Every structure is written in structure tokens, then in C-alpha cells.
Amino acid sequence: MLGPLKRQIAASLAREIHDRFGVDHDPVVEIPPRRSLGDLALPAPLHLARVLKRRPREIAEELAAAWRPPGELVAELRVEGAGYLNLFLDRSRFAAALLDAPLLPGAQEESAGEAGKIVVEHTNINPNKAAHIGHLRNAILGDLLVRCLRALGRRVEVQNYIDDTGVQVADVVVGFCDLEPTSLADVKALPEPFDYTCWDLYARVGRWYEEDPARLELRRKTLHQLERGEGERAEMGRLVAQRIVARHLRTMARLGIGYDLLTHESHILALHFFAVAYEQLVARGALRLESEGKNAGCWVMPLEGTEEFAGLEDPDKVIVRSDGTITYVGKDIAYQLWKFGLLGKDFGYRYWMDQGVWVTDVEGAEDHPSFGGAREVVNVIDARQSYLQKIVRAGLAALGHDEAARRSVHFAYEMVSLSPATARQLGVASEDGKAQEMSGRKGIGVKADDLIDRLEEKAREEIAARNRELPRAELAELAREIAIAAVRFFMAKTGTTRVIAFDLDEALDFEGDSGPYLQYALVRSRAIERKVAAAGKGGTLDPRAAGALPRELWDDDLWDLVHAAAQIADTVDKAAATLELSLVARHALELAQRFNALYHHHPVLHEEDAGKRHVRRVAFAVFARALGALADLLGIPAPARM
RNA sequence: GCGCCCGUAGCUCAGCUGGAUAGAGCGUGAGCCUCCGGAGCUCAAGGUCACAGGUUCGAAUCCUGUCGGGCGCACCA
């Protein structure tokens, strides 16, 4: 809502500046720090001062005298501070427009397809153990991005990559085949939670290797069978991966996170995706067979000489190992090519009925949606893999796909470690007050389902403490909604470049900047409107009537709330463009804080003056729309009561 | 050695492409429920924005360097 207005104003001022001073200047439109200074600020005179060699204030005065801002929403223009041109909006008209105007472009965007499809890959948990809170950060950020892009009108396909032929699965297979021999049928019959069972087994296998490194031979043997897809170990691998993936999907579904397609590494191998990429890479001279040195017998991608890879100790990256197997990067280059529709090969697809999701297969169904063929690809992967993602891009570029390389985005975020206190609670010795890194291999970490369970339990306690008596099913549902809000907001509120030292007590806190705080503000505002309606003082808010309300009725704090609500499209746009998704969470928090700070002073039900009541209802309605929209993006449910 | 990220209140973090008086939450101290829901609100205390230079009318923000801390630079992913 504010966005188009800002653009319109900037364009108009640019024309005025051009006509008056003969200078091309693209004016910035800012939000002043205090509303008393104005609703929009144009620092153009400050920027022009240098070029024109005049005082900013003087330029501002001249422009203010001559320029007339466009549209009906600007009520006043003033010169402020060092030379700002500040605009004041018509509060009633502006607020009235926000009662029914689309807050985000998504719904109205008819031409969504024209910008092309974006493939977003996230979650990507190795299917050999339970998901932990590190994986949660990935999935929550990925899902938030997907929701933002869709709200902005983009067409998005969500993929979750399943590495079902990697070392991690191999280790659990070794656990079931060698360390603690268990038949296929018995593994199939193991009770849930199967992912918890494997979590422990995986850690035991790690220790078992350490006792006798010769046992690593079993891993190699298993890995080979997994890659070939034949033999008892491959069968075991398929079973483990399938059962674990089912658990991961369930965990994510608890949080409202879903996928369009599960891509399996085993199918990339079985369909020889890499062979196609390999031929192209060799033909282009991007791969070289080493005959001597430490990489003898390997096909490597030379990275020397490129600016991006300057200063590397080893300027070559192994793509095909000397035993003929393919490294992760090699497979990923082929996969990335497929995502862009540049491989010239496709998967088979099968609908996994039990989970309600499409999965790749070797042959698959006749009828299936079209997957891949994206214009842009976003891979949500933690920052530690930046180097590998750079190599994938370099691979695309080496094949001449510069455009695709440019449109390959690595959405990097920092990892989640454990706070000293939480590490201690898990029985892990933290080193002199420093955060403790999680380790699937060592079985150190907070499992995602454990966290959600704890949050639901805490929510039930909080509800009980408020003496709310609810039927059992409603209680469970409400606790679930509160838990989702807590965990999703917790992961979304921190900037992506920051390592999260996960602290359980902090995550379990429902006060302050938390998901439940947002929910509560939303619930309260809706309760007010409900009670007003029940008292017969409600009725549909008419934008025309609201637009004609006298200016004096708008107290500054009410107006601030509306002003902040009007910025959500700009915030979401910026969040998606910069991949700093915490902006969405922060904005939701800001709105909730503003509302909480003022609603005491602005009663609706008990207000005698009809005009005041009307203005407050308008402001609160705009607020509820905006916070509701942000909560949707954040995946935070809005309970009717709590 | 090279690369990326971080350093802002006791703690956890915001601070948008340089701009107006550096802000929240937690914690601490003091208050606020005859009044639409207290998962809330108000007030107070708390800051050499790691350090040093530089650019600029103006720097927490941009540049260079230094010092701390984290993470990468595998025939693991």
C-alpha cells in the first residue's frame, strides 16, 4: 500500500528536480523516525546539496514552494531538519483504503507464471536419524521464504532432497547389518519412533568405528551397494530411508511445512543423471583426469585462476573418485542442471499415497505434474556449505550456462548450536561457557519432536494457569497452535547471518518477543471486534464512511499503528529480495507491540463517542488484517481464543 | 595461509541502500486488573556501538588495518 505511493511520489519529485535544477536524481523515500516529523521523508535536498553546491535547507525550501506531491493521499508538505521534505498523509483516507485493499500482491497477481517458476529446495535431512533443531531452522526458513514468494505472486515449487545413498544412511545400515544384526523383517517391524532408534544406533556405529578403524571397510562396502542399488544392504538402505523420511515428513507436517516433490539421490544415480553432466563437462574441458599427485585416478574440476576461488590450498575439486564413484558435488551439479531443465533428462514420478506427496522414481506414473524446469533456483543450505555451492555454480558456468549460474541462489544461514545451559541439560560438557556444536554423528542435539512436545506441554500448563477450561480436543489443538507459533517465531526472528546458540528455556518462553505474544495480540484485537458486534455497536466497516472521518479523531498512536501496518508489502518484498526473512518476524512483532501499548487507552466497547469508536475500529481492523497476513507468512496459526 | 560470518545495554538481539534523540526482549528495581483478555502495560537504572585510522556537512552503518570469537578451504555430505 505504501510502496506504490512512495514510487509515485519519488517519480514526481524526480521530474520536479530535473525541470528545476537540470539534474537527474532518483529520490529516496524514507520513513521518518518519529511520526510527528511526518509520514514520509524525502532527503533529496541533502543529497543534492553537494551537486548544486547550495545549502540543503535552501534547496528544500525552494522545492517545497514549487512542487506539489501527486495523488489525494498527501495532505501536507513541510521542510524539516537539515533539509528534509516531509509529507503528511490524509489519515482517514489512507486508513480507509487499507480496510479492503490487498495488503500483499499475491492474490491479485494474474501474471504469476510470467516471471517463471522458482524451485526452492529445503529441509534436505539425511534419512538416517531424527530431525534436530538445526534441521528445523532450515525447514522453517525455507518454508517462510516459500510463503513470502507466493504472497508476492511468484510460482514456487518446493523440493526436499533425500540423500538415500550417502554415508550417513550407510552407517545406519552397518548398524543393522553388522554391529547389531537385525533382519529386514525385524527392522520393518521396529516400533516408532524409528527415527529415535536410528539416532542412537547411528551414534553407536560412530563409536564402533573409532574402536577399530578397520571397520570403516564395512561402510565402504555398504556405500557401494547403496550406490548400485543392489543387494541386501541396498534393500536395508531403502527401508531405513523410507521409514525415516516418513518420520521427517510427519515432524514437518506438525509445523505446517510441506513439499511438492521429494527428489532422491538414488534416482539421480539409477537414471545416470551424472553421466550426462559428465559427458558435457568433459567435452567442455571442465573435467580433467589426474594421472599423478594426490588426486591420481580422479576426475577433477580445476578451480585455479578464478577470482572466486583465489587462495585455495588445493585448486582442484574431485568430482569422480578414483574408485569411480561420484562425489556429492558431482551429483549436485547434475541435479542443479535438471532443476533448470538443462540436463535433457527427467525423473520418473510416483505419488506417495501415505504421505500425500510426489516423489521421484526410476519409471513412475504416466500422469504427473511437471517438475523442474525452473527459471530460478534457491537452495536453502547452511553457510558451512557455501564453498560447495560455489563449486556447483562454477560447474554450471563451466558448461556455458552463465545465466543459470547467476540464477542459482544459495540461501545461506548460520548453524544452530547449543547454549552452555542447554548442553549441560543434555549431559554434554560445555567448554568454558562456550556454545556447543550439535553432532548427529555423536548423537548430540535437541530433537525437533522433543522440542515441539515440550512446547505443547508448556502451552498446556500456561492454559491451565489461566484457568481456561477446555474440552480435551480443543486443549490439544490450542496447545499445538501455540507450540507451532513459538518454534516458528523463535527460528525466524534471528538474522540469518547469526549463529543461534539454542537455549531451551528461551525457546520455551512465551513472553516478550515470542510467537504466542503475536498470537495473543491478534486474538485480543479480534475479541474486541467480536464483543463490539455482540453489543450491537459493530457492523461492517465502510471504507467511504471511514475515509470521511475528521482528522482530529486520529490520535498519533492509532495512526502509527495504521502507518506501520501499511508497510507490510514493502517488508515482505525486501525480505524476499535480500533473503533476510527475520524482517517479516520483526515487523509482525513491531505491530503487536504497538497494538499492545495502545489498546488500553482506546476502548471501543465503552467509548460513548461514535466517531472515536469508529476510528478505533478502523485502526484495529487494519492492524488485525496486517498482523494476520504476517502470521500466515510466518506459519503462525491464529487461534479463535487462547 | 586464504575465504565467509559475528563483535551494539548484565544476557539474547534490532538498527533498512550513510541522516533527525542508538531501540526491543530477558533479567533487575518500582508501579498498573470495579473498566473490550495481565501470554499485557507504564516508569526507572543500564551504551567509549571491540579498537585505530580514513571518506563525508554528517558514520553503529561505507573503506583500510588491528584484536577477539565462530565456520569453511576432503577421493564426507
Side-chain angles (χ1 to χ4, degrees), chain A residues 28 30-34 37 41 43 46-47 49-50 55-56 80-84 124 126 163 166-168 265 294-300 308-314 317-323 325-329 331-332 381-388 390 412 414-415 417 419 434-435 437 441 459 462-463 465-466 482 493-501 503 505-506 509-514 516-521 523-525 527-532 535 570-571 574 578 580 582-583 586 589-590 593 596-607 616 620 641-642:
Chain A
V28 178
E30 298 173 347
I31 308 295
R34 291 179 307 284
L37 290 169
L46 299 172
H47 299 153
R50 199 171 312 168
R55 292 167 200 238
E80 294 277 357
Y84 287 91
N124 300 5
N126 274 300
D163 181 3
V167 181
Q168 300 216 20
E265 181 162 285
K294 72 184 185 90
N295 291 334
C298 299
W299 286 88
V300 303
E308 248 193 331
F309 296 98
L312 283 183
E313 256 179 41
D314 183 351
K317 176 69 194 173
V318 172
I319 303 297
V320 183
R321 302 184 187 104
S322 54
D323 65 1
T325 56
I326 308 149
T327 61
Y328 159 80
V329 187
K331 286 176 274 199
D332 217 27
I381 311 177
D382 79 74
R384 287 175 296 190
Q385 297 200 39
S386 298
Y387 168 70
L388 292 168
K390 267 162 79 170
E414 286 291 339
M415 59 168 186
S417 60
S419 75
K434 286 181 186 167
E437 193 174 349
R441 189 164 295 284
E462 294 290 330
I463 295 163
R466 285 164 178 75
I482 292 171
K493 74 177 174 182
T494 306
T496 49
T497 57
R498 206 170 270 277
V499 174
I500 292 180
D503 187 81
D505 291 332
E506 192 192 334
D509 190 356
F510 293 169
E511 294 175 2
D513 44 9
S514 72
Y517 176 94
L518 297 186
Q519 287 178 308
Y520 202 78
V523 165
R524 181 188 286 124
S525 73
I528 292 171
E529 185 59 24
R530 199 168 52 233
K531 292 200 173 154
V532 169
D570 284 359
T571 300
K574 185 175 178 185
T578 61
E580 188 42 272
S582 62
L583 290 172
R586 293 265 154 211
L589 185 66
E590 187 202 325
Q593 283 173 335
N596 278 337
L598 64 74
Y599 79 95
H600 288 291
H601 314 303
H602 297 283
V604 180
L605 194 55
H606 303 289
E607 175 57 55
R616 289 167 188 174
F620 292 175
R641 294 152 201 268
M642 65 184 279

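Chain identifiers are assigned alphabetically (A, B, ...) following the order of the sequence lines, protein sequences preceding nucleic acid strands; residue numbering begins at 1 within each chain. FYI, side chains are in, hydrogens and waters are out, and symmetry mates aren't considered; it's all heavy atoms of this structure. Note that this is a predicted model, so its numbers are computed, not measured.
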Exercise. Say you pick atom C1' in B/G25 and the same atom in B/G1; how far apart are they, in whole Å?
Worked result: 41 Å
For this session: Using salt bridge (charged side-chain N to carboxylate O under 4.0 Å, His left out) as the criterion, list what pairs up with A/Arg641, not counting sequence neighbours.
Result: none
Seminar exercise, completed: Contacts of A/Asp513 meeting salt bridge (charged side-chain N to carboxylate O under 4.0 Å, His left out) (sequence neighbours excluded), chain-then-number -> A/Lys493
Problem set entry | Paired and unpaired positions of RNA chain B as dot-bracket, Watson-Crick or G-U wobble under 3.5 Å, | denoting a partner strand | (((((((..((((.....[...)))).(((((.......))))).....(((((..]....))))))))))))....
Seminar exercise, completed: For A/Thr571, the side-chain hydrogen bond (donor to acceptor under 3.5 Å, both in side chains) test, sequence neighbours excluded, returns A/His587
Problem set entry | C1' atoms of B/G15 and B/G23, separation to the nearest Å | 7 Å
Seminar exercise, completed: Those residues at least two apart in sequence (or on a different chain) that pass side chain to side chain contact (heavy atoms under 4.5 Å, CB included) with A/Ser417 are A/Ala435, A/Val499, A/Ala501
For this session: Could you pull out all residues at least two apart from A/Asp163 that satisfy side chain to side chain contact (heavy atoms under 4.5 Å, CB included)?
Result: A/Asn126, A/Tyr161, A/Thr165, A/Glu265
For this session: Sequence neighbours left out, what passes ring-ring contact (aromatic ring centres under 6.0 Å, His included) with A/His47? Give chain and number order.
Result: A/His25
Find every protein N or O atom lying less than 3.5 Å from an N or O atom of nucleotides 39-41 of chain B, and list the pairs.
residue, atom, partner, partner atom, Å
B/A39, OP1, A/Tyr520, OH, 2.4
B/A39, OP2, A/Arg466, NE, 2.6
B/A39, OP2, A/Arg466, NH2, 3.1
B/A39, O4', A/Arg466, NH2, 2.6
B/A39, N9, A/Arg466, NH2, 3.3
B/A39, N7, A/Arg466, NE, 3.2
B/G40, OP1, A/Gly512, N, 3.1
B/C41, OP1, A/Tyr517, OH, 2.8

For this session: Please name all residues satisfying side chain to side chain contact (heavy atoms under 4.5 Å, CB included) with A/Pro32, sequence neighbours left out, ordered by chain then number.
Result: A/Arg35, A/Leu37, A/Ala41, A/Asn86
Exercise. Which part of the nucleic acid does A/Val28 contact within heavy-atom distance under 4.0 Å: base, sugar-phosphate only, or nothing?
Worked result: base
For this session: Looking at every strand, decide which applies to A/Glu437 at a 4.0 Å heavy-atom threshold: base, sugar-phosphate, or nothing.
Result: sugar-phosphate
Tabulate atom names and distances for all N/O pairs under 3.5 angstrom spanning the protein and nucleotides 4-6 of chain B.
residue, atom, partner, partner atom, Å
B/C5, O2', A/Thr497, O, 2.6
B/C6, OP1, A/Thr497, OG1, 3.4
B/C6, O3', A/Arg498, NH2, 3.3

Exercise. Which nucleotide in the list B/G37, B/A20, B/C26 gets nearest to the side chain of A/Pro33?
Worked result: B/A20
Exercise. Which residues pass the salt bridge (charged side-chain N to carboxylate O under 4.0 Å, His left out) test with A/Glu414, sequence neighbours left out?
Worked result: none
Seminar exercise, completed: Contacts of A/Tyr599 meeting ring-ring contact (aromatic ring centres under 6.0 Å, His included) (sequence neighbours excluded), chain-then-number -> A/Phe595
